[in-house]
Amino acid sequence: MNDVGAKLRPIMQYDVLPTLEDYERFSEEHLIERIRFHKQRAGSDLVILGHHYQRPKITQLSDYVGDSYGLSEKAAHSPGKQIVFCGVRFMAESAAILCKPTQSVYHPDPDAGCPMADMANIDQVKKAWSTIHQWLDKSQKVIPVTYMNSTADLKAFCGERDGIVCTSSNAEKIYKWAYERGEKIFFFPDEHLGRNTGKKLEIPLEKMILWDPKKVDGGLTKEEVRQAKVILWAGHCPVHMEFKARDIKHVRKFFPGCKVVVHPECEKEVVDLADASGSTEFIVKYVGELPPKSTVFVGTEVNLVTRLQQMFSDRRVFKLQRSLCLTMYQINLSNLCYTLEHLENLEKVELNLDIKLNAKIALDRMLALN
Ligand code: 13P
Ligand code: SF4
């Protein structure tokens, strides 16, 4: 046994398995050593996937780091028998839907959800769908499109109704796909990504209407729905709502010539003022392609901005605002190490079979487009 293996011995001697609280008492250095040891021991059987918003200590230990789209592709093609997903719940669920039956997915904190994904539930969406269809003629086909940041039953809803999943990296392509098949798009749960994508495709703002599930009939009239090209769900990401148009005006005043890149979950006014917008992977590439010494302000989750500052130290990379995704931050070295050392006793990410099959249809449609 090597040094780290020897250090593991004390914990293996517990009469009962150590609890998560035991791991929380370990130093960061010790947890990192243990995680590296397990990775080395498991070899290609174990794959750790980490989203760009994970803290740098987690991305350093991940085998693949990427945006929601890239990680879903990795989950679909990864060779590992065990996939440990460091991200939020909808991401781990999507990996469990896309992986092979011989693979298992684990989530270091099953309570780490996405507040935006929780802004649309299946009953609300079914009710809206039914009302919208009472108001339309049979010839007016609506294609349901769910953002990846949604619960698995909403992906299944789309799979069952000729619909599809999109991510921030392919939303334009998905809109085009949908318009080849229908007259209108019903997009949930992020109104901002939905509107920003529609704007890129030059859909007039008045043709993008907002369905608010808290209001009677979504707060809309039959005529508005009949005229619409996109029916947007009133949902948002609290992390990206922190970035405001005034922040961009402010930095442009004090740093003339600076670049601004933001995530398309930001409000339209913010995306309109930025030099560029795109998925987390797009943002990494955008900053990476700027010439050395450039100044760039980044409007997305703070852990990614911190990592960009480390990756591109010859550029001046600043946060547009400090905005932390608390649920992404729930994944840490303690629960990752605990997960790796308790795999046999932990619950895998599992879904109802019908939901899984129908959600896979919608996800596969998206993956097939690349
Ligand atoms: P990406 O698909 O761009 O990685 O975004 C995921 C996300 O949760 C953004 O808030
Ligand atoms: Fe959800 Fe926003 Fe966090 Fe992304 S950043 S996981 S959309 S709350």
Side-chain angles (χ1 to χ4, degrees), residues 49-55 58-59 62 64-75 85-95 98 107-120 145-152 154-155 165-174 187-194 196-197 233-243 261-267 270-271 274 276-287 298-308 319-331 363 366-367 369-370:
L49 301 180
H51 185 263
H52 281 306
Y53 292 163
Q54 290 295 298
R55 30 179 120 204
I58 297 287
T59 52
S62 300
Y64 298 102
V65 181
D67 63 7
S68 311
Y69 180 82
L71 293 175
S72 69
E73 267 205 317
K74 282 283 176 242
F85 206 115
C86 298
V88 287
R89 193 186 314 122
F90 73 80
M91 296 179 176
E93 280 180 354
S94 300
L98 289 169
H107 191 199
D109 185 348
D111 289 334
C114 161
M116 179 213 280
D118 294 338
M119 288 180 193
V145 179
T146 187
Y147 187 23
M148 182 69 120
N149 302 31
S150 59
T151 51
L154 293 189
K155 293 185 178 80
V165 176
C166 80
T167 72
S168 53
S169 67
N170 58 23
E172 273 176 74
K173 199 188 280 182
I174 300 285
F187 186 86
F188 38 86
D190 183 18
E191 68 170 279
H192 301 292
L193 176 66
N196 288 322
T197 307
W233 191 265
H236 61 268
C237 163
V239 176
H240 287 93
M241 293 302 283
E242 291 293 313
F243 304 102
V261 59
V262 301
H263 195 278
E265 286 173 16
C266 293
E267 291 166 295
V270 173
V271 171
S277 68
S279 77
T280 51
E281 186 69 26
F282 170 89
I283 293 174
V284 174
K285 287 209 181 87
Y286 183 87
V287 175
V298 184
T300 199
E301 209 272 347
V302 65
N303 279 290
L304 174 54
V305 189
T306 305
R307 201 152 50 83
L308 288 170
K319 336 175 197 6
L320 194 55
Q321 275 289 344
R322 189 183 187 286
S323 193
L324 172 75
C325 178
L326 286 169
T327 48
M328 284 280 184
Y329 203 65
Q330 278 176 233
I331 311 300
L363 280 163
M366 172 186 83
L367 292 173
L369 279 185
N370 262 33

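Read the numbers this way: they start at 1 and go in the same order the structure lists the ligands and their atoms.
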Practice prompt. Please step through side chain to side chain contact (heavy atoms under 4.5 Å, CB included) for the pair Phe187 and Cys166, ending with a clear verdict.
Written response: CA-CA 10 Å; Phe187 186 86; Cys166 80; 3.6 Å; yes

Fill in: Sub-4.0 Å atoms of ligand 2 with respect to non-hydrogen atoms of Cys325
3 (Fe), 5 (S), 6 (S), 8 (S)

Response to the item:
For Glu265, the atoms of ligand 1 under 4.0 Å from one of its heavy atoms are 7 (C), 9 (C), 10 (O)

Worksheet item: What residue and atom, counting heavy atoms only, is the protein's closest point to atom 1 (Fe) of ligand 2, and at what distance?
Response: Cys114 SG, 2.4 Å

Practice prompt. Would you mind running through ligand 2 and noting each atom that sits below 4.0 Å from a heavy atom of Pro115?
Written response: 8 (S)

Item to complete: May I ask you to decide if the ring planes of His51 and Tyr53 are parallel, tilted or perpendicular, using 30° and 60° as cut-offs?
Response: perpendicular

Discussion item. Within the structure provided, determine whether Gln54 and Ser62 are in side-chain contact (heavy-atom separation under 4.5 Å).
Written reply: no

Discussion item. Please list, in number order, the atoms of ligand 1 under 4.0 Å from a heavy atom of Ser279.
Written reply: 3 (O)

Discussion item. With a heavy-atom distance limit of 4.0 Å, tell me whether Phe282 approaches ligand 1 through its side chain, its backbone, both, or neither.
Written reply: neither

Discussion item. Please work out, at 4.0 Å between heavy atoms, whether the side chain, the backbone, both, or neither of His51 comes within that distance of ligand 1.
Written reply: side chain

Worksheet item: What atoms of ligand 1 come within less than 4.0 Å of a heavy atom belonging to His240?
Response: 10 (O)

Fill in: Nearest non-hydrogen protein atom, atom 6 (C) of ligand 1
Ser68 OG, 3.3 Å

Worksheet item: Are any non-hydrogen side-chain atoms of Ser323 and Phe243 less than 4.5 angstrom apart?
Response: yes

Discussion item. Do Asn149 and Glu265 have side chains that approach each other closer than 4.5 Å (heavy atoms only, starting at C-beta)?
Written reply: yes

Worksheet item: Are side-chain N/O atoms of Glu281 and His52 paired as donor and acceptor at under 3.5 Å?
Response: yes

Worksheet entry | Per-atom contacts, ligand 1 versus Asp67 - under 4.0 Å to a heavy atom | 1 (P), 2 (O), 4 (O)

Response to the item:
of all protein heavy atoms, closest to atom 2 (Fe) of ligand 2 is Cys237 SG, 2.3 Å

Worksheet item: So, do Leu308 and Val298 sit near enough that their side-chain heavy atoms are less than 4.5 Å apart?
Response: yes

Item to complete: Return the residue, atom name and 0.1 Å-rounded distance of the protein heavy atom closest to atom 5 (O) of ligand 1.
Response: His263 NE2, 3.4 Å

Fill in: Point-to-point distance, once rounded to the nearest 0.5 Å, from CG of Leu193 to CE of Met116
7.5 Å

Fill in: Asn149 neighbourhood, listing ligand 1 atoms whose heavy-atom distance to it stays under 4.0 Å
7 (C), 8 (O)

Worksheet item: Which value, rounded to the nearest 0.5 Å, describes the distance between Asp118 atom CG and Phe90 atom CZ?
Response: 10.5 Å

Discussion item. Would you say that Leu324 contacts Tyr329 through its side chain, given a criterion of any heavy-atom pair below 4.5 Å between the two side chains?
Written reply: yes

Response to the item:
At under 4.0 Å between heavy atoms, what of Glu265 touches ligand 2? The answer is side chain

Worksheet entry | Heavy atom of Ser168, distance to ligand 1 below 4.0 Å | yes

